[in-house]
Amino acid sequence: MALPPLAGRVTFDADDGFYAELKRRVRVELLESGRPALGGLSMALKTGTILIWLVTSYALLVFSDASWWQASLLAVSLALAVAGTGFAIQHDANHGAYPGNAAVNRFMGFTLDLLGASSYLWHWKHNIFHHTYTNIEGADHDLNAKPFGRLAPDQARYGGHRFQHIYMWALYGFMLPKWHLVDDFQNALEARIDDNRIPRPRGGDLVQLLVGKAVFLAWALVIPMFFHRWWVVLVFYGSVSFLVGLLLAVVFQLSHCIEEAGFPPQGANVPEGWARHQVHTTVDFARTNRALTWYLGGLNYQVEHHLFPKVCHLNYPRISGIVEDVCTQYGVRYVAHDSMHGALASHWRWLRRMGRV
Ligand SMILES: [Zn+2]
């Protein structure tokens, strides 16, 4: 598939053997070690658990006669379940990493559309622009919080950015309704993401986008209005969206927009192979926290995810030692924060630095 002009201009050096060795070692571990790769049943159980959590939270919130404090707790539960579906189900599926064939992946990837965001546009934003051109300004869509946020050294700095380490946390919360209700439609109509042109959604892709938006608006806003006053629905819709947006943004920022991650200059040839670039621009966190790893769908193993986006996330803890080993062997800097709060503090310091210099 031809790459859009701006992102397409960025080139990487050829692999110096690092990526080939990584792939060889991981292939041996997952396919030839005699211990089968995790997938199928484990992912089915995990998917079922998260979706039951989501549907139960929603049903109790909308259809039961909950008091204000009960409804508030249910809204938090719903937000956590929606974010969990994003982390652990749709993310694998839209990468083609969900166990099963392409049809299973497309079907499970549709969960993203049902939760309000187009999986067609996510494919371009996330799989192509973010995963190929990680932390390269002008190509990686995840760096675009302009004009309020300055996330990379190549972005223009304004006076107000001095306070971004304080106010960006609140803006992350508003990211989701903007993505669902504005950005997706604008991207599809203009056939463009940032300065990069994309093919306009057509046929099945367009139908999926429109059906997803309609179903989302129905369950998130229209159906609840049959059972509750309109302003109560808007308050809960806003609160759940805010919390989901904050969770999604923070988890993705902790792996790339922090002090330890590299930011190659914009538009240049990247003077290293693609796999080295991925490790230099990506950081793991809280790898020993099993509960967090389960909930985040392995996104705390972001280095492993960027190197092997088509491997089901349940296997990231298992291949992490191999990745670290090969990095040491080839002199590639591999960074992992011990805890999530360590990564959060690093993101805060990065925002403060980008606001000042
Ligand atoms: Zn990804």
Side-chain angles (χ1 to χ4, degrees), residues 1 3 7 19 22-23 26 38-39 43 46-47 50 82-100 102 104-106 108-113 115 117-136 139-144 151 175-176 179 183-184 187 193-194 196 198 244-245 247-258 261 274-275 277-287 292-317 319-320 323 336 343 347:
M1 191 178 304
L3 282 167
Y19 194 28
L22 269 172
K23 287 192 285 191
V26 167
L38 286 170
M43 267 306 267
K46 182 166 185 173
T47 302
I50 295 173
V82 168
T85 307
F87 294 142
I89 301 173
Q90 76 79 20
H91 185 222
D92 271 45
N94 282 308
H95 271 298
Y98 198 93
V104 171
N105 277 274
R106 179 146 193 178
M108 296 312 295
F110 189 54
T111 49
L112 181 63
D113 298 83
L115 294 178
S118 159
S119 57
Y120 173 81
L121 294 165
W122 167 268
H123 166 79
W124 284 98
K125 286 178 188 177
H126 183 79
N127 294 17
I128 306 293
F129 298 132
H130 170 63
H131 268 269
T132 312
Y133 308 104
T134 314
N135 278 9
I136 298 175
D140 180 355
H141 174 73
D142 282 14
L143 293 178
N144 188 358
L151 302 180
M175 188 195 78
L176 203 69
W179 174 13
D183 294 353
D184 270 358
N187 293 152
I193 291 170
D194 304 329
N196 298 297
I198 58 164
V244 175
L247 281 165
L248 296 182
V250 166
V251 167
F252 279 95
Q253 298 292 41
L254 295 191
S255 301
H256 302 292
C257 284
I258 56 173
W274 176 83
H277 166 77
Q278 293 301 316
V279 181
H280 284 152
T281 54
T282 309
V283 174
D284 282 1
F285 61 90
R287 289 183 299 172
L292 198 65
T293 300
W294 184 89
Y295 177 65
L296 296 182
L299 287 172
N300 50 332
Y301 286 87
Q302 192 81 199
V303 174
E304 289 71 17
H305 170 58
H306 268 255
L307 292 169
F308 298 100
K310 288 190 178 297
V311 168
C312 174
H313 76 260
L314 297 175
N315 298 287
Y316 294 162
I319 64 172
S320 179
V323 171
H347 177 51

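Numbering of ligands and ligand atoms starts at 1, following listing order.
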- Asp184 and Lys125 ion-paired at < 4.0 Å: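 Looking at Asp184 and Lys125, the cut-off is met.
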
- Message: What I'd like to find out is whether the side chain of Trp274 reaches to under 4.5 Å of the side chain of Thr132, using heavy atoms alone.
- Response: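 Yes, side chains in contact.
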
- Report yes if some heavy atom in the side chain of Val82 is under 4.5 Å from a heavy atom in the side chain of Thr85; otherwise report no.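 No - every pair of side-chain heavy atoms lies 4.5 Å or more apart.
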
- Message: Quick check with a 6.0 Å cut-off and a 45 degree axis cone: is Lys310 positioned over the face of Phe308's six-membered ring?
- Response: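 Relative to the ring axis of Phe308, which defines the angle, Lys310 lies outside at least one limit.
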
- Task: Using a cut-off of 2.8 Å, find all protein N, O or S atoms closer to the Zn ion (ligand 1) than that distance.
- Result: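 Only His91 NE2, His95 NE2, His126 NE2, His131 NE2, His305 NE2 fall inside 2.8 Å of the Zn ion (ligand 1).
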
- Query: Is it true that His126 and His91 have ring centroids separated by less than 6.0 Å?
  - Reply: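 Judged by ring-centre distance (under 6.0 Å), His126 and His91 do meet the cut-off.
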
- Task: Could you check His305, Glu304, His306 and say which one makes a side-chain contact (heavy atoms from CB on, under 4.5 Å) with Thr282?
- Result: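 Testing each of His305, Glu304, His306 against Thr282, the sole residue satisfying side-chain contact (heavy atoms from CB on, under 4.5 Å) is His306.
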
